[in-house]
Amino acid sequence: MQNNQRPEPSSRPLLKTRRHLDPTVIENLLESAAILLPTPTMDYALSIFDKIDDPDSSAYNVMIRAFTMKQFPQKALILFKQMLENAVPFDEFTFPCTLKSCSRLRGRKEGKQIHAQIVKCGFWSNGIVLNTLIHMYANCGEIEIARKVFDGMPERDIFAWNSMFSGYVKSGYYEDAVRLFYEMRALGVRFNEITLVSVLTASGRLADIELGEWIAEYTRANGLVVNVNLVTALVDMYAKCGELDKAQRLFDQMDRRDVVAWSAMISGYSQARRCKEALDLFSEMQIANLHPNEVTMVSVLSCCAVLGTLETGKWVHLYIKKKRMKLTVTLGTALIDFYAKCGQIDSATEVFQMMPSKNVYSWTALIQGLANNGQGKKALKFYQLMRERNIEPNDVTFIGVLSACSHFGLVDEGHEFFNSMSKEFGIEPRMEHYGCMVDILGRAALIKEAYQFIKKMPFQPNAVIWRTLLASCRAHKNVEIGEEAVKQLVSLELMHSGDYILLSNIYASVGRWEDAMRTRNQMKERGIKKTPGCSLIELEGEIYEFLAEENAYPLKEVYCAAEDMIKQIKAAGYVPNTADARIDAEEDDKEAAVSHHSEKLAIAFGLIRTPPGATIRISKNLRVCTDCHNAAKIISKVYNREIVLRDRNRFHHFKEGSCSCNDYW
DNA sequence: TTAGGGTTAG
């Protein structure tokens with residue numbers, strides 16, 4: 001070239017020689033522009049395509065394939081429609097990519113229309129077409145149709161089997177995936193690494209460690225440990241089977257760890273509720289210079305929510321914004337849940353409103369968050385809005401809705417929602433929903449009604465139900481039904497230390513101090529140890545301990561001080577109840593959940609008695625729960641006191657009825 | 001031209 005300049009990326013030389021009219025040349029050029037050129041857009045390819053007078057099937061196929069590959073599935077389908085309108089004949093290469101685009105878009109309607117075209121054009125026996133058809137149906141939630149196509153195939157290759165496995169796994173039919181794998185082996189069909197990845201996901205979700213170990217052994221024996229996808233699936237399987245040490249060891253041995261491998265390991269710790277370790281690993285990931293993505297952040301935020309590390313979570317949110325990460329439904333929901341659990345309900349609402357798409361999880365997280373942060377009316381408003389948007393609620397949504405009703409004494413509404421579950425939505429109420437109803441009635445002082453409600457339950461009430469009733473009896477001083485609840489708990493052999501404390505407090509509430517002491521002594525005699533419900537008050541370096549259940553202060557004095565504070569809280573419009581403590585606690589820490597109530601009493605006592613400027617430290621590893629939070633807010637206003645509550649991770653500063661929080665690690 | 005790993009609400 002004389003002028004040393006590169007030619008413009010156009011077809012000028014071709015035009016000069018008029019070779020651009022040669023269809024073979026045009027098609028090669030189109031393929032290069034659409035598929036081989038590493039450009040993220042399709043502008044150049046489109047300009048060539050538009051110059052072709054009557055594009056044939058091959059030209060369309062190239063464009064459809066390129067749009068599918070470059071993540072423009074919508075455009076691929078538009079071109080397919082154009083082919084139909086322009087009567088361009090489909091061939092065997094048209095369908096696989098078009099169906100893949102349908103899968104990406106979860107377009108089952110479009111997929112079915114394309115299926116009709118496949119039958120019409122006589123491609124119903126083409127193996128590759130059928131394989132992608134299975135994949136499309138399985139990905140669009142039509143797993144039964146996918147299976148019908150699979151079963152109807154005269155010959156199934158590895159693609160057909162793998163499409164079926166991944167379909168089962170993506171739809172959550174893990175047992176079916178495992179069953180099919182055993183069938184495959186019984187038939188002597190060869191599987192490959194891709195098969196194993198899907199089956200590992202299934203065995204992890206089912207906690208089927210036996211199958212998982214078998215695959216791990218197979219992987220080692222056949223030298224497959226070089227496959228990053230397969231090893232990541234193994235790490236994930238071990239983590240989901242509760243074998244975190246094995247998962248970590250395998251992760252450590254990996255030569256190359258990508259963002260998915262790190263995310264799998266972080267989520268492993270997160271799901272095992274080993275949140276501190278998950279966050280440590282997240283720091284390590286950054287030191288290793290690996291960039292987290294949306295999926296990593298979901299696990300990280302979930303840990304921040306559990307630990308109550310507001311500052312860390314806020315940093316994660318800033319990072320998400322700075323890196324312009326996509327606010328996916330999952331990520332948005334994790335953010336809502338994080339902010340709500342840290343008491344920042346306005347930020348949770350803001351995130352919800354920013355989300356481009358929402359599902360039942362996001363709505364439920366917000367409703368639950370609002371209900372737990374004392375905004376029951378708003379929670380119900382969002383439920384109404386959700387219904388107006390035609391989002392179908394599920395069983396979890398109703399736990400949020402019913403708990404909003406209980407915080408606000410909405411008995412009639414509670415009944416209506418409870419009845420609507422099965423009538424309108426075909427959801428049979430579970431133990432938890434009955435528990436919510438008992439709580440609603442109990443908080444509203446309808447103790448007899450709550451008791452009758454339990455009696456009419458269609459299945460045996462569990463200890464939580466009786467404990468909820470017992471807590472209501474304590475709040476509303478009902479000795480008779482309280483004793484009945486205890487009788488039931490004794491018969492179920494599920495009496496906890498907290499139940500004795502509740503019964504003792506019921507006696508105390510009606511001035512039966514001897515019975516109150518007798519109940520506590522009974523607990524000691526029966527060797528039932530109470531998790532110390534103590535609060536520590538840190539004042540000028542000195543630590544003062546408050547033990548509610550011991551005789552550090554006479555029972556009567558502790559009780560009356562707590563009662564006085566509860567009156568103040570009620571006067572300010574909030575109804576405290578032990579059910580919140582139970583909701584707040586870790587699932588495996590029931591003992592702590594129950595003792596939390598006594599702790600709140602101790603805090604109440606401490607708040608009133610301690611001098612200004614004191615820091616109340618929450619004992620054990622519990623978070624400052626909603627009740628404590630609200631109590632402190634109200635006390636700071638009513639008693640005009642500055643209060644600092646401190647739990648494992650945060651300082652909560654209360655002043656004039658509002659709160660600000662700081663992480664301290 | 002078709003198949004694969006990590007994520008959310010109780």
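A note on names: the letters A, B, ... follow the listed sequences, proteins ahead of strands, and every chain is numbered from 1.
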Q: Can you check each nucleotide of nucleotides 4-9 of chain B against protein heavy atoms at under 4.0 Å and return B for base, S for sugar-phosphate only, - for none, in 5' to 3' order?
A: BBBBBB
Q: Would you kindly check if the NZ (Lys) or CZ (Arg) of A:R156 is within the cone defined by 45 degrees around the ring axis of A:F150 and under 6.0 Å from the six-membered ring centre?
A: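 Because its charged atom sits under 6.0 Å from the ring centre and within 45° of the axis, A:R156 does stack over A:F150.
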Round to a whole Å and report the spacing from [atom1] of [X] to [atom2] of [N].
{"X": "A:M69", "N": "B:dT1", "atom1": "CE", "atom2": "P", "value": "9 Å"}
{"X": "A:W161", "N": "B:dA3", "atom1": "CH2", "atom2": "P", "value": "18 Å"}
{"X": "A:R65", "N": "B:dT2", "atom1": "CZ", "atom2": "P", "value": "7 Å"}
{"X": "A:W124", "N": "B:dT2", "atom1": "CH2", "atom2": "C1'", "value": "19 Å"}

List for me each residue that meets side-chain contact (heavy atoms from CB on, under 4.5 Å) alongside [X], sequence neighbours excluded, and say none if there are none.
{"X": "A:N192", "result": "A:I158, A:N162, A:I194, A:T195"}
{"X": "A:K75", "result": "A:F67, A:F72"}
{"X": "A:E213", "result": "A:I209, A:A216, A:Y238, A:K246"}
{"X": "A:A202", "result": "A:V169, A:Y174, A:A177, A:V178"}

Q.
Can you list everything that forms a ring pair (Phe, Tyr, Trp, His ring centres under 6.0 Å) with A:Y383? Sequence neighbours excluded, please.
A.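 Scan of A:Y383 (ring pair (Phe, Tyr, Trp, His ring centres under 6.0 Å), adjacent residues dropped) gives A:F398, A:F417.
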Q.
Can you see if the side chain of A:K100 gets near the phosphate of B:dT2 - specifically, an N or O under 4.0 Å from OP1 or OP2?
A.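 Affirmative; the distance criterion is met.
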